[in-house]
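These numbers come from the heavy atoms of this one structure, side chains and all, not from hydrogens, waters or symmetry mates.
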Amino acid sequence: MAKDTGKNYLVVGLGSFGSRLCEVLEEKGGTVIAVDADELLIERIKNSVTQAVHLDSTDESRMSELDLEDVDVGIVAIGNSFEASILTTAIMKRLGVPYIIARSLTELHHQVLLQVGADEIVNVEIDEGTRLANRLIAPDILDRIPLSGEISVAEVRVPKGFVEKQLIELDLRKRLQINVIAIRRYSYGVDEIGNPTKSESLIFPGGEEVLQEEDILLIVGRNENISSFNELQE
């Protein structure tokens, strides 16, 4: 059973993105009110959330009937209507939802949502497109998660020239302003009946840690410095 987080969420828009968001929030112990104007989508989600409500979120009088006093975060997950997402965001703000996260469809949409009251903007398509492009351009950077416009966390393969060297010897913080915060390491063996096995461990390294050939490093730094690190692979 998931631990109750004590957090209450209002999710408006139950397409693939919004529905999955509701399910994960509930699985992790959140309390979710799910809202959509499509009755079929409400039927699909009603057994996975605390409350599922069929209403038009652009109707302020209907939205005001919801018990929003205890809602901590409102998420506008509408992905098919520029106008509906803007109106819903503005209505949530007027009804006193303390923190609003809205899904944007375009850069202009992003700016308008901020102006009408959104505290945080997500764009699933742009974010995923950016991550895919980064992975195609720099295949040795296995994943990259932005922490801000300039700083990211990235998973990278160990450059060949780093194998069998200690982190303190490489001095990446001084050379590249990169911090290694974890290492994913694999080990291989055989089980009791002779089948090959592969296990994974996560190491939080000290300076004396010696890097191995198949290590995956979790690093944090400025984007240009991560790109410089990737060039060491070439």
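The backbone N or O of Ile181 lies less than 3.5 Å from no partner atom in the side chain of Asn179, so there is not a single donor-acceptor pair. Between the side chain of Ser19 and the main chain of Leu14, a donor-acceptor pair closer than 3.5 Å is present. For the pair Glu26 (side chain) and Val32 (backbone), a donor-acceptor distance under 3.5 Å is present. Ser85 places a side-chain N or O within donor-acceptor distance of the main-chain N or O of Phe82, the cut-off being under 3.5 Å. Side-chain atoms of Thr58 do not come within 3.5 Å of backbone N or O of Ala84 as any donor-acceptor pair.
Annotation for Gly79 and Leu105: closest pair O-CD2, 3.5 Å, computed over non-hydrogen atoms. Taking each heavy atom of Thr89 and Gly117 in turn, the nearest pair found is CG2-C, 4.2 Å. Nearest approach of Ile178 to Gly221, heavy atoms of both residues: CD1-CA, 4.2 Å. Gly13 and Ala77 get closest at one heavy-atom pair: O-CB, 3.5 Å. Across Gln166 and Glu208, no two heavy atoms sit closer than the pair NE2-O, 3.3 Å. Here the closest heavy-atom approach between residue Leu68 and residue Leu95 is recorded as CD1-CD1, 3.8 Å.
Sparse packing is recorded around CZ of Arg173, with 12 or fewer heavy atoms of other residues, nucleotides or ligands lying under 6.0 Å away. Enclosure of atom CD in Glu83 is not indicated, since only 12 or fewer non-hydrogen atoms of other residues, nucleotides or ligands lie within 6.0 angstrom. No more than 12 heavy atoms of other residues, nucleotides or ligands shown are found within 6.0 angstrom of CD on Glu213. In Glu69, the CD atom is not crowded: 12 or fewer heavy atoms of neighbouring residues, nucleotides or ligands sit closer than 6.0 Å.
Using a 4.5 Å heavy-atom threshold, the side chains of Phe229 and Leu172 count as touching. Contact of the Leu25 side chain with the Ile75 side chain is registered, since non-hydrogen atoms from C-beta on lie closer than 4.5 Å. No side-chain heavy atom of Asn123 sits less than 4.5 Å from a side-chain heavy atom of Ile121. Side-chain contact check for Lys93 versus Ile100: some heavy-atom pair is nearer than 4.5 Å. With contacts defined as side-chain heavy-atom distances shorter than 4.5 Å, the pair Met92/Val12 qualifies. Contact annotation: the side chain of Leu217 approaches that of Leu211 to within less than 4.5 Å [non-hydrogen atoms, C-beta and beyond]. Looking at heavy atoms from C-beta onward, Leu55 lies in side-chain contact with Met63 at the 4.5 angstrom threshold. Counting heavy atoms from C-beta outward, Leu113 and Ile86 have side chains that approach closer than 4.5 Å.
For the residue pair Gln111/Glu107, the side-chain donor-acceptor check at 3.5 Å is satisfied. When only modelled atom types and interatomic distance are considered, Tyr99 and Glu120 share a side-chain donor-acceptor pair under 3.5 Å.
If you take OG1 on Thr31 and CG on Asp70, they are separated by 9.5 Å, rounding to the nearest 0.5 Å. To the nearest 0.5 angstrom, Ile203 atom CD1 is 12.5 Å from Leu218 atom CG. Residue Leu176 holds its CG atom at 11.0 Å from CD of Glu224, rounded to the nearest 0.5 Å. Between the CD1 atom in Ile78 and the CG atom in Asp36 there is a gap of 7.5 Å [rounded to 0.5 Å]. Note that the CZ atom of Arg185 and the CD atom of Glu200 stand 12.0 Å from one another [nearest 0.5 Å]. A distance of 9.5 Å separates OG1 in Thr88 from CG in Leu10, rounded to the nearest 0.5 Å.
Residue Val153 is not grouped with residue Val156 when hydrophobic side chains (ILVMFWY) are merged at heavy-atom distances under 4.5 angstrom, including chains of intermediate members. A single hydrophobic cluster is seen to contain both Val180 and Phe162, as judged by linkage of ILVMFWY side chains at heavy-atom distances under 4.5 Å, directly or through other members. Side-chain heavy atoms closer than 4.5 Å link hydrophobic residues (I, L, V, M, F, W, Y) into clusters, and following such links, possibly through other members, connects Val112 to Leu114. Ile45 and Ile33 sit in two unconnected hydrophobic clusters of ILVMFWY residues. Membership requires side-chain heavy atoms under 4.5 Å apart, directly or through other members. When hydrophobic clusters are built by joining Ile, Leu, Val, Met, Phe, Trp and Tyr residues whose side-chain heavy atoms come closer than 4.5 Å, directly or via intermediates, Val35 is grouped together with Val71.
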Subject >> Worked check of side-chain contact (heavy atoms from CB on, under 4.5 Å) between Val158 and Gln212 >> reply: CA-CA 8 Å; Val158 172; Gln212 299 180 12; over 6 Å; no
Subject >> side-chain contact (heavy atoms from CB on, under 4.5 Å) between Val122 and Phe17, intermediate numbers included >> reply: CA-CA 11 Å; Val122 295; Phe17 173 70; 4.2 Å; yes
Original post:
Taking it one step at a time, do Ile101 and Val73 satisfy side-chain contact (heavy atoms from CB on, under 4.5 Å)?
Top reply: CA-CA 7 Å; Ile101 301 171; Val73 180; 3.9 Å; yes
Original post:
How far apart are the C-alpha atoms of Ile216 and Arg157, what are their side-chain angles, what is the distance that settles it, and do they pass the side-chain contact (heavy atoms from CB on, under 4.5 Å) test?
Top reply: CA-CA 5 Å; Ile216 302 297; Arg157 294 186 176 92; 4.0 Å; yes
